[in-house]
Amino acid sequence: MEINQNKSLLFTKLAFEQAKINLGSTGTNPSVGCVVEKNGSVISSGFTSLNGRPHAEYNALNKNLDFKKSNIFISLEPCSHYGKTSPCTNIIKKKGIRKVSFSIYDIDNRSKNLAKKILNKKKISVKSGFLNTYAKAFYKDYFLARKKFLPLIDAKIAVSKDYFTKNKKDKKITNKHSIKRVHLLRSKYNCILSTSKTINDDNAKLDCRIDGITNKSPDIAILDRNFSLKKNRNLFKIKNRKIILFTSKSNKSKELIFKRKGVKVVKLNMKNINDYKKIFKLLNKFGYSRIFVESGLVFLNFLISNNFVNNLYVFKSNYRLGKFGSNNCSNKMIKNIKLKKKIKVNLFGNLLYEVNLK
């Protein structure tokens, strides 16, 4: 029994490693991982495709292999409803799978708690609950989107050793290795949220410039209350991604210019917390369940103080800026955050922390 339990945990962990591959790139569908084991060896694996289809189970089982009497391990309950594709329970039955293990039940009412009933009728053993706590954290964005119609909002900030966020001498706070790590982080989200001030000042592309994930540059949402975004910014040079601009000010000529660039302009108020909640619900409605905030300290402080941010990634330089450092507002909130969870990655002197804020 102990061996079976350990085996289930091992292969479920491998399923989650598969799920990580397209995390943030599966549209409104959750990113799922699947591992097929037979006689103690992995014979196939799969993960949810870009934009959400085909599903992980289909990708793992749609191969010319003998799957009879094999066991399948999945990070999320397999779907059992007909949508744009056939349910994954169908291909599981068809391939002669002996046992199905998954971590956590789906929240979609069309499939929730149904897989076991359907598969048991075909005498396929079904077990669940492996890595349950880890799964709840992994699928937090999916649950938020389905339950509260809100996206998961994470953020990052780069600080010097003496907690400055701006470098008067050089735009960069951290080294090139930290910057590459930011590109990797971006690939795990389907939308980057920034402000017109940050984009005007930094003129960043906000894309993924690492070989192998250049096609995972997230869409962009820009908060521009006074419609001050400059029209010649570098982020407009990135092809095949959507840009949404939220503004409170009418400017028909400028709106026309941005629409010609493919920008979706949304007019609404940005005065209080409820206005921002409305923006986040709109982004969720547009299909963005994972949002990564890259902005200045003023907006980040606002988001943190109003409990919008779930996880904060802090890149900390090993250098003090002293007289060359500055901040647009008080860095008291950032300084008071306890940096306990260090991510084990070699950034050649820089440090990276993950802070769970809620």
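Applying the ring pair (Phe, Tyr, Trp, His ring centres under 6.0 Å) rule to F308 yields the partners F280; only residues at least two apart in sequence or on another chain are considered. Not counting sequence neighbours, the partners of D207 by the salt bridge (charged side-chain N to carboxylate O under 4.0 Å, His left out) test are R209. Under the salt bridge (charged side-chain N to carboxylate O under 4.0 Å, His left out) criterion, K99 pairs with no residue, sequence neighbours left out. The ring pair (Phe, Tyr, Trp, His ring centres under 6.0 Å) search around F67 returns none, not counting sequence neighbours.
The only member of I279, D275, N274 that meets side-chain contact (heavy atoms from CB on, under 4.5 Å) when paired with N269 is D275.
Tracing side-chain contacts under 4.5 Å through hydrophobic residues (I, L, V, M, F, W, Y), one never reaches I157 starting from L185; they form parts of separate clusters. Under a hydrophobic-cluster definition in which Ile, Leu, Val, Met, Phe, Trp and Tyr are linked whenever side-chain heavy atoms come within less than 4.5 Å, directly or via other members, Y313 and V182 are assigned to the same cluster. Note: the hydrophobic cluster containing I244 also contains V293 (ILVMFWY, side chain heavy atoms under 4.5 Å, direct or indirect links). Cluster annotation: Y353 and L347 are assigned to distinct hydrophobic clusters (Ile/Leu/Val/Met/Phe/Trp/Tyr, side-chain heavy-atom contacts under 4.5 Å, transitive). I220 and L193 are members of different hydrophobic clusters when ILVMFWY side chains are connected at heavy-atom separations under 4.5 Å.
A donor atom on one side chain and an acceptor atom on the other are not found under 3.5 Å apart for D106 and S111. No side-chain N or O of N51 forms a donor-acceptor pair with one of S49 less than 3.5 Å apart. Between the side chains of N310 and N356, no donor-acceptor pair of N or O atoms lies under 3.5 Å. A donor-acceptor pair shorter than 3.5 Å cannot be found between the side chains of Y319 and N175. Side chains of N22 and S31: no donor on one and acceptor on the other come within 3.5 Å.
Legend: salt bridge (charged side-chain N to carboxylate O under 4.0 Å, His left out) pairs involving residues 283-293, not counting sequence neighbours, sorted by first then second residue: D141-R290. Pairs passing the salt bridge (charged side-chain N to carboxylate O under 4.0 Å, His left out) check and including a residue from residues 242-259, sequence neighbours excluded, read E255-K259, E255-K267. Within the structure, every pair that satisfies the ring-ring contact (aromatic ring centres under 6.0 Å, His included) test and touches residues 13-33, not counting sequence neighbours, is listed here: F16-Y134, F16-F138. Within the structure, ring-ring contact (aromatic ring centres under 6.0 Å, His included) contacts touching residues 139-187 (residues at least two apart or in different chains) are H177-F348. For residues 29-39, the set of pairs meeting the salt bridge (charged side-chain N to carboxylate O under 4.0 Å, His left out) definition, not counting sequence neighbours, comprises K7-E37, K38-D66.
T247 contributes a side-chain N or O that, together with a main-chain N or O of D224, makes up a donor-acceptor pair within less than 3.5 Å. No donor-acceptor pair under 3.5 Å is formed between the side chain of N62 and the backbone N or O of Y58. Remark: the backbone N or O of G296 is not paired with any side-chain donor or acceptor of K166 at under 3.5 angstrom. Remark: the backbone N or O of A115 is not paired with any side-chain donor or acceptor of T89 at under 3.5 angstrom. At least one donor-acceptor pair closer than 3.5 Å links the side chain of K188 to the backbone N or O of K20. In this structure, the side chain of N167 engages the main chain of K172 through a donor-acceptor pair within 3.5 Å. Counting only distance, with no hydrogens or angles, the side chain of S45 and the backbone of C34 share no donor-acceptor pair below 3.5 Å. Side-chain atoms of S44 do not come within 3.5 Å of backbone N or O of L61 as any donor-acceptor pair. With hydrogens and angles ignored, the 3.5 Å screen pairs a side-chain donor or acceptor of S187 with a backbone N or O of L184.
Taking the six-membered ring where the residue is Trp, the centroids of Y288 and Y189 are separated by 6.0 Å or more.
Between D162 and S160, the shortest heavy-atom contact is OD1-OG, 2.5 Å. Minimum interatomic distance between C191 and P218 (heavy atoms only, all atoms of both residues): N-CB, 3.7 Å. Nearest heavy atom pair, residue M270 against residue S248, reads N-OG, 3.4 Å. Heavy atoms only, all atoms of each residue included: I199 and S194 are closest at CG1-OG, 3.8 Å. Nearest approach of N200 to S228, heavy atoms of both residues: ND2-O, 3.0 Å. Taking all atoms of both residues into account, the shortest heavy-atom contact from R186 to C208 is CB-SG, 3.8 Å.
In this structure, S128 and E77 have side chains that are not in contact, with every pair of non-hydrogen atoms separated by 4.5 Å or more. Residues N284 and L150 fail the side-chain proximity criterion, which asks for heavy atoms closer than 4.5 Å. The closest side-chain heavy-atom distance from N232 to N203 is not below 4.5 Å. Considering only heavy atoms from C-beta on, F236 comes within 4.5 Å of I243 through its side chain. Within the 4.5 Å cutoff, no side-chain heavy atoms of Y82 are placed close to those of R110.
Within a 6.0 Å radius of NZ in K63, more than 12 heavy atoms belonging to other residues, nucleotides or ligands are found. Surrounding NZ of K156 are more than 12 heavy atoms belonging to other residues, nucleotides or ligands, all under 6.0 Å away.
Taking CG from D202 and NZ from K171, the interatomic distance works out to 6.0 Å, rounded to the nearest 0.5 Å. Note that the CZ atom of R98 and the CD1 atom of I124 stand 12.0 Å from one another [nearest 0.5 Å]. The OG1 atom of T195 lies 7.0 Å from the CG atom of L223; values are rounded to the nearest 0.5 Å. Once rounded to the nearest 0.5 Å, the distance linking OG1 of T165 with CD1 of I334 reads 8.5 Å. Between the CZ atom of R241 and the CG atom of L235 there is a distance of 6.0 Å, given to the nearest 0.5 Å. Atoms CG and OG, on L65 and S70 in that order, are 9.5 Å from each other to the nearest 0.5 Å.
Connectivity analysis of hydrophobic side chains (ILVMFWY, heavy atoms under 4.5 Å, direct or indirect) links L144 to L152. Under a 4.5 Å side-chain heavy-atom criterion applied to ILVMFWY residues, the cluster that includes F47 comprises I21 as well. If you chain together ILVMFWY residues whose side-chain heavy atoms come under 4.5 Å of each other, F11 ends up grouped with L14, V35, V42, F73.
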